[in-house]
Amino acid sequence: MICCKPNFNARAFDYDEQHLYVFNMHEQLSSCLWANTAAPDLQAIPLQGAISADVIIVGAGFTGCAAALALAQRGARVALLEAKSVGWGASGRTGGQVIPGLKYDPDELEAMLGPDLGPRMVTAVGGVGDEVFGLIERHAISCDAQRKGWLQPAYSTKSLDLALRRCDSWKRRGANVSAIDQSRMAQLLGTEHYLGGWEDRRAGHVQPMSYVRGVAIAAQRAGAVIHTESPALALTKQGAKWRVATPKGSVDSDQVLIATNGYTDGLWPGLARTIVPMMSFQAATVPIPEAMGKHILPEGHAASDTRRLLWYFRRDAHGRLIMGGRAPYREDLGAGDDNYVRTAVNRLYPQLNNTPFEFHWAGRVAMTQDHLPHLHQLDKGLWTAMGYNGRGVGMATLLGRLLSDLALGVSPKDIPFPVTSMQPIFGYPFTRLVARALVSYYRLRDELEAAGSTTKYPHTEGPL
Ligand SMILES: Cc1cc2nc3c(=O)[nH]c(=O)nc-3n(C[C@H](O)[C@H](O)[C@H](O)COP(=O)(O)OP(=O)(O)OC[C@H]3O[C@@H](n4cnc5c(N)ncnc54)[C@H](O)[C@@H]3O)c2cc1C
């Protein structure tokens with residue numbers, strides 16, 4: 001019998017005696033734009049008593065909800081267990097940018113994965129825009145969905161070369177992308193900060209809390225049972241069946257999907273040590289008056305630049321500017337931690353110097369050592385997908401569906417993504433130190449690279 005009990009009472013982001021990250025049960029979403037402007041939450045109650053299902057899913061973000069919907073639509077009995085509320089993890093806190101592709105270019109992915117899996121994976125990760133916007137359309141999910149493209153503006157000559165190579169790599173495969181020169185980029189962003197870059201018209205943005213709630217409601221309509229405030233406390237094997245215990249109940253099933261990403265606890269030994277949770281912070285201005293804001297992202301793009309510690313930004317449906325970026329490695333971040341994103345707003349859009357932030361929030365981005373998301377078989381009938389490296393709106397929706405295929409018996413070799421075994425990171429207790437060191441190193445590299453480029457605004461001043 002395999003059993004592990006996470007400690008839900010420890011302090012935020014502490015490292016507990018089992019060397020596992022635990023999360024702060026008091027952390028609130030009250031200052032998050034998305035929680036304050038989302039479509040109504042679904043009806044769900046904590047699990048009480050013993051039930052059975054074909055598939056148990058742990059975690060109700062994009063991964064878990066997409067898996068629940070795909071399974072329920074094919075007639076599986078699904079029990080989705082969420083420790084807090086639907087979208088409480090990263091899914092309800094993202095920038096909502098739906099971006100096809102991964103850190104690696106299609107050429108690199110194909111070289112890494114070979115002539116069979118490589119092209120299938122490139123097609124799958126390039127298609128996440130269709131995955132998300134198709135789901136939204138089919139289930140009439142009201143989430144301010146805008147498919148007006150994504151821009152990757154380059155802050156240095158070196159990163160401009162990389163961006164143009166990436167664009168070319170997608171273009172050769174027929175993707176709807178184009179290179180953007182410096183003056184057109186300035187027009188599309190409303191700032192002359194960048195040297196040019198590329199545009200991906202397969203992309204867009206959504207109100208992420210409304211989106212995840214919409215997928216969960218569609219899953220409920222298809223027959224999935226969702227229990228919120230129901231942390232999975234123990235996962236055990238009882239003969240051929242899995243059993244997940246919650247504070248007031250339990251579920252037995254043949255298959256279990258763990259969909260906890262950056263909020264992974266000790267439910268499955270070693271799993272939390274396969275990813276490094278990093279904090280990302282966002283702030284949203286008050287709605288910007290038309291006269292002041294009409295040149296800021298006038299065509300409705302989402303954008304994330306080429307910095308290693310990137311700035312990502314977009315408007316919301318009410319005309320606010322949302323800016324995101326790195327944050328200190330703490331979980332109790334608040335309004336006082338907005339200096340990085342304030343600097344970014346002021347540099348890109350000096351006309352907003354005196355425009356206050358109305359909302360601020362932060363969440364965990366799950367990074368992996370190889371910069372790829374991971375789809376693991378943990379045991380017979382036990383699967384997980386995680387480690388989206390900041391590209392989870394599209395990728396988690398896709399991998400949630402692929403998890404549902406695996407749970408229904410599709411062979412891993414027929415999945416357009418590598419299905420691997422779990423490999424905890426060597427020397428994991430030191431990853432926080434390494435991550436801090438890496439942030440300082442990346443900051444320096446970003447500054448040096450920008451200083452060596454012909455940018456209109458040097459990047460060396462300010463509290464970065
Ligand atoms: C600030 C921020 C900005 C981002 N911006 C973008 C962006 O613009 N575009 C993009 O593509 N990606 C972005 N990302 C990444 C993206 O949000 C994530 O990759 C994605 O939401 C992951 O979804 P998920 O369902 O796998 O995990 P999550 O949404 O984190 O859900 C995991 C859930 O598991 C639950 N859980 C954990 N343990 C248990 C347990 N034992 N029992 C029951 N439930 C449990 C948690 O409560 C949580 O709700 C961003 C992330 C952050 C934090």
Side-chain angles (χ1 to χ4, degrees), residues 4-6 8 20-23 25 27 29 32 34 47 56-68 80-102 128-129 132 150 203-206 208-209 211-212 215-216 227-235 244-247 257-268 271-272 275 277-283 302-304 310 312-314 322 324-327 333 341 360-367 373 384-400 403:
C4 192
K5 293 184 181 174
F8 279 93
L20 299 166
Y21 283 117
V22 290
F23 60 85
M25 295 300 280
E27 192 185 351
L29 280 175
C32 173
W34 308 127
L47 175 65
I56 300 167
I57 302 171
V58 181
F62 301 137
T63 307
C65 293
L80 173 51
L81 304 174
E82 164 56 47
K84 302 281 279 179
S85 52
V86 168
W88 180 87
S91 298
R93 305 165 193 248
T94 80
Q97 302 196 9
V98 184
I99 310 169
L102 298 170
V128 298
V132 170
W150 171 74
H205 53 77
V206 297
M209 186 64 96
Y211 170 55
V212 70
V215 179
H227 291 291
T228 49
E229 302 294 335
S230 302
L233 297 178
L235 171 60
V244 173
T246 66
L257 307 179
I258 299 182
T260 49
N261 201 42
Y263 293 84
T264 298
D265 53 32
L267 188 65
W268 186 253
L271 187 58
I275 46 135
M278 302 287 288
M279 298 308 291
S280 189
F281 185 96
Q282 289 180 90
S304 10
L310 81 171
Y312 55 100
F313 46 104
R314 51 167 287 196
I322 303 156
R326 77 164 177 87
L333 297 166
V341 290
H360 56 82
W361 66 100
R364 295 185 192 177
V365 178
M367 311 299 284
T384 189
M386 56 175 54
Y388 300 109
N389 292 273
R391 289 278 174 101
V393 183
M395 280 309 300
T397 306
L398 169 69
L399 291 202
L403 279 177

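Just follow the structure's listing: the first ligand is 1, and inside any ligand the first atom is 1. By convention here, the first residue in the shown sequence is residue 1. Values in this document were obtained by computation on a predicted structure and should not be read as measured data.
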Please work out which of [options] has its closest non-hydrogen atom nearest to [atom].
| atom | options | value |
| --- | --- | --- |
| atom 34 (O) of ligand 1 | G59, S304, G266 | G59 |
| atom 23 (O) of ligand 1 | G392, C32, S91 | S91 |
| atom 53 (C) of ligand 1 | G96, A272, G363 | G363 |
| atom 16 (C) of ligand 1 | T94, I57, N261, V58 | T94 |
| atom 28 (P) of ligand 1 | A90, G87, G262, G400 | A90 |
| atom 14 (N) of ligand 1 | G390, P208, P231 | G390 |
| atom 9 (N) of ligand 1 | E82, R364, Q97, M278 | Q97 |
| atom 51 (C) of ligand 1 | L399, V365, N389 | V365 |

- Mark the output for L81 as yes if a heavy-atom distance to ligand 1 is under 4.0 Å, and as no if none is.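 Yes; L81 lies near enough to ligand 1 that a heavy-atom distance drops under 4.0 Å.
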- At a non-hydrogen distance cut-off of under 4.0 Å, which region of Y312 contacts ligand 1 (side chain, backbone, both, or neither)?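 For Y312, only side-chain atoms sit under 4.0 Å from ligand 1.
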- Should K84 be counted as touching ligand 1, given the test is an N or O pair under 3.5 Å?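 No, since none of the N or O atoms of K84 sits under 3.5 Å from an N or O of ligand 1.
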- Query: F281 to ligand 1: N or O pair under 3.5 Å?
  - Reply: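 Not met; the criterion fails.
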[X] [atom1] to [Y] [atom2] distance, which is reported to the nearest 0.5 Å:
| X | Y | atom1 | atom2 | value |
| --- | --- | --- | --- | --- |
| C32 | H360 | SG | NE2 | 10.5 Å |
| N261 | M395 | CG | CE | 11.0 Å |
| I57 | L403 | CD1 | CG | 8.0 Å |

- Query: Taking the side chain as C-beta and beyond, is there a heavy-atom pair between Y263 and W88 under 4.5 Å?
  - Reply: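 Side chain of Y263 against side chain of W88, heavy atoms only: contact under 4.5 Å found.
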